[in-house]
Amino acid sequence: MPKNINDNTEVCGINTDGLTYENAMERLSEIVNLLEGGKLSLDESVKLFEEGARLAAFCDGCLKNAELTIRKLSEEPDEPEE
């Protein structure tokens with residue numbers, strides 16, 4: 001069985017200890033707003049973009065784990081052998 005992404009303490013360079021999908025999405029939204037604001041230096045923009053890419057990968061992993069869980073729960077139980 002694949003390891004749950006939330007069982008790791010670091011994923012894609014992000015300390016995920018206590019990080020939730022919702023927290024990561026909120027931070028991603030903040031990053032997008034900062035980048036779209038156009039008031040950051042190139043260095044700051046690149047660092048935020050890198051953080052956003054790591055958060056996006058974390059969120060993708062969370063969604064894949066959720067999908068896997070739903071698929072497993074949705075599988076029909078094996079019919080008993082006769």
Side-chain angles (χ1 to χ4, degrees):
M1 179 173 178
K3 194 171 186 180
N4 186 316
I5 197 158
N6 293 323
D7 292 342
N8 297 327
T9 57
E10 189 168 306
V11 174
C12 299
I14 291 180
N15 181 350
T16 61
D17 195 25
L19 183 63
T20 65
Y21 173 82
E22 292 78 12
N23 294 137
M25 288 299 295
E26 186 176 327
R27 178 62 181 152
L28 271 171
S29 180
E30 291 171 3
I31 289 171
V32 168
N33 289 333
L34 288 168
L35 291 171
E36 288 179 342
K39 296 181 181 181
L40 301 172
S41 70
L42 179 59
D43 240 10
E44 292 170 319
S45 295
V46 170
K47 286 179 183 177
L48 281 176
F49 184 86
E50 289 173 343
E51 180 185 353
R54 290 189 303 267
L55 287 167
F58 170 79
C59 290
D60 184 58
C62 289
L63 292 173
K64 285 180 179 174
N65 280 334
E67 181 182 16
L68 179 63
T69 300
I70 290 168
R71 285 179 191 255
K72 286 185 176 189
L73 293 172
S74 298
E75 288 177 359
E76 292 184 31
D78 294 337
E79 292 184 24
E81 294 181 23
E82 294 181 27

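These numbers come from the heavy atoms of this one structure, side chains and all, not from hydrogens, waters or symmetry mates.
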Same apolar cluster (I L V M F W Y, side chains within < 4.5 Å links), L63/L28: yes
Salt-bridge criterion met for R71 and E75 (N-O under 4.0 Å): no
Nearest-0.5 Å distance, CG of residue L42 to NZ of residue K47: 11.0 Å
Rounded distance (nearest 0.5 Å) linking atom OG1 of T20 with atom CZ of F58: 7.0 Å
Approximate separation, where rounding is to 0.5 Å, of C62 SG and L55 CG: 10.5 Å
Same apolar cluster (I L V M F W Y, side chains within < 4.5 Å links), I31/V46: no
Exceeds 12 heavy-atom contacts within 6.0 angstrom, atom CD of E30: yes
Beyond-backbone contact of L48 with E51, side-chain heavy atoms, under 4.5 angstrom: yes
Spatial distance of atom CD (E36) from atom OG (S45) [nearest 0.5 Å]: 11.5 Å
Distance in Å, N65 CG paired with D60 CG, rounded so as to fall on 0.5 Å steps: 10.0 Å
Shortest non-hydrogen contact from A24 toward L19: N-CD1, 3.9 Å
4.5 Å side-chain heavy-atom contact, R27 and N23: no
